[in-house]
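Here the structure is laid out as structure tokens; the discussion comes afterwards.
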Amino acid sequence: MSDANVRIPEEARDRLAAIATAEGLSLRAYLARLAETLLTPAERAERAEQALTALREWNGYAPTPAEQHDLDSELDRRLAQGAVQ
């Protein structure tokens with residue numbers, strides 16, 4: 001496996017290094033693990049569709065686009081509220 005160089009602000013590097021150290025990892029290992037565990041936008045959309053399909057098959061859950069928008073807005077509101085506290 002070859003390595004790649006990524007240019008990021010020094011503060012971001014230091015923060016990531018501190019997080020990695022706290023988890024007993026090198027920065028290299030931490031970033032590799034992070035890359036393996038995070039989902040791309042396409043992967044997130046695919047999983048969301050799979051979950052919606054499973055819910056629809058299990059209990060008939062089928063929100064309209066307007067209901068989906070309202071639910072997404074409520075989730076965003078709650079996440080923002082939790083981040084402030």
Side-chain angles (χ1 to χ4, degrees):
M1 169 184 9
S2 63
D3 288 341
N5 291 321
V6 178
R7 296 181 60 86
I8 61 172
E10 201 173 314
E11 298 81 19
R13 183 211 54 212
D14 292 346
R15 179 171 172 78
L16 290 169
I19 294 168
T21 299
E23 295 192 23
L25 298 170
S26 68
L27 179 55
R28 183 178 189 273
Y30 178 75
L31 291 174
R33 186 181 74 180
L34 189 63
E36 292 170 3
T37 58
L38 291 177
L39 299 175
T40 66
E43 291 167 333
R44 284 194 306 273
E46 181 181 350
R47 289 205 184 173
E49 186 57 39
Q50 290 170 348
L52 188 56
T53 298
L55 285 169
R56 190 177 301 117
E57 291 172 359
W58 177 57
N59 66 6
Y61 179 74
T64 65
E67 291 169 330
Q68 186 76 39
H69 179 269
D70 290 346
L71 292 166
D72 288 344
S73 295
E74 177 64 12
L75 179 59
D76 289 343
R77 184 190 69 76
R78 290 182 184 201
L79 288 171
Q81 183 180 27
V84 172
Q85 295 178 352

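Model, not experiment: these values are computed from the prediction.
At least one side-chain heavy atom of P63 sits under 4.5 Å from a side-chain heavy atom of L52. At a threshold of 4.5 Å between non-hydrogen side-chain atoms, the residues R44 and P41 count as touching.
Within the structure, no pair that satisfies the salt bridge (Lys or Arg N to Asp or Glu O under 4.0 Å) test touches residues 50-67, not counting sequence neighbours. Residue pairs meeting the salt bridge (Lys or Arg N to Asp or Glu O under 4.0 Å) criterion with at least one member in residues 45-55, sequence neighbours excluded, do not occur.
Looking at residues two or more places apart in sequence or on another chain, you find a salt bridge (charged side-chain N to carboxylate O under 4.0 Å, His left out) between R28 and D3.
To the nearest 0.5 Å, atom OH of residue Y30 and atom CG of residue L25 are 8.5 Å apart.
A29 approaches S26 most closely through the heavy-atom pair N-OG, 3.0 Å.
Atom CZ of R78 sits in a sparse spot, with 12 or fewer heavy atoms from other residues, nucleotides or ligands closer than 6.0 Å.
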Using distance only, find each side-chain donor-acceptor pair of residues 12-23 under 3.5 Å and give its atom names and separation, not counting sequence neighbours.
residue : atom : partner : partner atom : Å
T21     : OG1  : A17     : O            : 2.9
E23     : OE1  : R33     : NH1          : 3.4
E23     : OE1  : R33     : NH2          : 2.2

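If you chain together ILVMFWY residues whose side-chain heavy atoms come under 4.5 Å of each other, L39 ends up in a group of its own. Counting side-chain heavy-atom gaps under 4.5 Å among Ile, Leu, Val, Met, Phe, Trp and Tyr, the cluster of L79 also holds L75.
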Pair I8-V6, side chain to side chain contact (heavy atoms under 4.5 Å, CB included): steps then yes or no: CA-CA 6 Å; I8 61 172; V6 178; 3.9 Å; yes
